[in-house]
Amino acid sequence: MMRFDRQGGDTITTPDNVYLFPKMLDHYQIQLTRMLESEQYGEAKNLLRFLLQCRGEDERHYEEWTSLLSWLEMAFPGTEETGMITGKEDEEEVNEDSFREQLLNPPEQDEAYIKQVLYIMEHHPMIDQQILALERAVYIQSPEVDQTMLEWLSSGKPIHPVVQFKALQCLRKRDISGQLLLERMGERVELDIEATPLALDDFPQPVIRILERVEAVTEVDDPTLPHFARELWKESLQFLYGTSAYQWMQREDDETVDSYAAALHLTLLLTVYGTANDDDIREAYGITEPLRFRYEQACRTLRQVAAMQQSTEDDHQP
């Protein structure tokens, strides 16, 4: 058995004979690249261990993953191993977090360093580098950062919605409060900085219930799908936060939860397998004819997000 931990407490337990569909392999390869670029070495090692447990891939992939894992373990020792967490492993995880903070928070933060971080944040063509700059900006002790970020977000310039969300998180971590008027997913929205969720568990309960509903249904068919659903939902929320669709999905009624859960399940299967049976999904979530319009609205929203995610990943490919 393999225990795969991701930041934020996500866990996937998989048998040793897991086979990855092509779209899943592409997703994990992109995730691995992003982890390395943002210096998330512990997560990268855990992902590599997971991939090495999978079967049916090209031999060169296993050679590359083994070589990269060996190098990471030599260069960055002390990462949590797979299996049950012990007190020692908890301590190693804390040490890794401390190491990551040291990388993001160098002791020398002169004016040139601050200007470089802010320039990358605003102008770099790769959103991964913008996000890394925002992670570094959290630790910069200068009021210039706050003012620059607020002006940048309020300027009306086109900013990727995920970068916007990460910027809101950065401002909250810097203890900035107040409201911002932003253009998000084609809508003009007003957001309270201090209300920005910092983790998945910070989102409203109806939003969490949507994911839990999908996890319960999908784990019966494929033990890897709940993890993939969680990743997809986390990414989708970064796009949708603050929009009218986000406000709609916070309704407490079961019908809204079921409609969005079914839409998430459909999007998940199309992303992972490239195909899905709409009738089966609607039956699994109780999407009767009176709920059909609400369900199709949710599907359109997530299709829009999926298209933007695919465009972002295509831009990320070399």
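FYI, the numbering just counts along the sequence from 1.
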Exercise for the section: Kindly indicate, with the supporting measurements, whether the criterion ring-ring contact (aromatic ring centres under 6.0 Å, His included) is fulfilled by H227 and F50. Expected result: CA-CA 12 Å; H227 167 77; F50 167 73; 7.2 Å; no

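- Nearest heavy atoms, W233 versus V207: NE1-O, 3.1 Å.
- No single ILVMFWY cluster, assembled from side-chain heavy atoms under 4.5 Å apart, contains both I120 and L153.
- The distance from the OG atom of S154 to the CG atom of L182 is 6.5 Å, given to the nearest 0.5 Å.
- For E283, the CD atom sits in a loose shell: 12 or fewer heavy atoms of surrounding residues, nucleotides or ligands are nearer than 6.0 Å.
- For the pair L134 and A167, the tightest heavy-atom approach, listed with the atom from each and the gap, is CD1-N, 3.7 Å.
- Of the possible polar contacts, one joining the T243 side chain to the L240 backbone as a donor-acceptor pair under 3.5 Å is found.
- You'll find the side chain of P161 reaches within 4.5 Å of the side chain of M308, heavy atoms only.
- Under 4.0 Å is where a charged nitrogen must lie from a carboxylate oxygen, and between E183 and R188 at least one such pair does.
- A298 and S259 make their closest contact through CB-O, 4.0 Å (heavy atoms, listed as atom of the first residue, atom of the second, distance).
- Linking Ile, Leu, Val, Met, Phe, Trp and Tyr residues whenever their side-chain heavy atoms come within less than 4.5 Å places L52 and M35 in a single cluster.
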Exercise for the section: Test salt bridge (Lys or Arg N to Asp or Glu O under 4.0 Å) on E212 and R209 and set out the steps. Expected result: CA-CA 5 Å; E212 291 173 344; R209 283 180 60 204; over 6 Å; no

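- Put simply, the side chain of R172 does not reach to within 4.5 Å of the side chain of L168, judged on heavy atoms.
- Nearest heavy-atom pair, L191 versus G242, reported as atom, atom and distance to 0.1 Å: CD2-CA, 3.6 Å.
- The shortest distance between side-chain heavy atoms of S244 and E187 falls below 4.5 Å.
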Handout entry: Trace of the side-chain hydrogen bond (donor to acceptor under 3.5 Å, both in side chains) decision for N46 with Y41
Key = CA-CA 9 Å; N46 280 334; Y41 302 120; over 6 Å; no

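- For I193 against S177, the heavy-atom pair with the smallest separation is CD1-O, 4.1 Å.
- Considering only heavy atoms from C-beta on, Y285 stays 4.5 Å or farther from L291 through its side chain.
- A salt bridge between K115 and E144 is present, with a side-chain N of the basic residue lying under 4.0 Å from a carboxylate O of the acidic one.
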Practice task
Evaluate the criterion side chain to side chain contact (heavy atoms under 4.5 Å, CB included) for residue pair I159 and W152; output intermediate values, then yes/no.
Solution key: CA-CA 9 Å; I159 302 174; W152 170 56; 3.5 Å; yes

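- Applying the side-chain hydrogen bond (donor to acceptor under 3.5 Å, both in side chains) test to D279 and every residue at least two apart in sequence or in another chain returns R282.
- Below 30°, between 30° and 60°, or above 60°: for W65 and Y62 the angle between ring planes is above 60°, a perpendicular geometry.
- With no hydrogens or angles considered, a side-chain donor-acceptor pair links R294 and T256 at under 3.5 Å.
- Annotation for V138 and R174: closest pair O-NH1, 3.4 Å, computed over non-hydrogen atoms.
- The residues R49 and E73 are annotated as salt-bridged, a charged nitrogen and a carboxylate oxygen being separated by less than 4.0 angstrom.
- Ring orientation note: the planes of Y246 and Y241 are nearly perpendicular, at an angle over 60° on the 30°/60° scale.
- Applying the side-chain hydrogen bond (donor to acceptor under 3.5 Å, both in side chains) test to K173 and every residue at least two apart in sequence or in another chain returns nothing.
- Under the 4.5 Å side-chain criterion, counting only non-hydrogen atoms from C-beta, V272 is in contact with L225.
- Taking the six-membered ring wherever Trp is involved, the centroid distance between the rings of Y260 and H265 does not fall below 6.0 Å.
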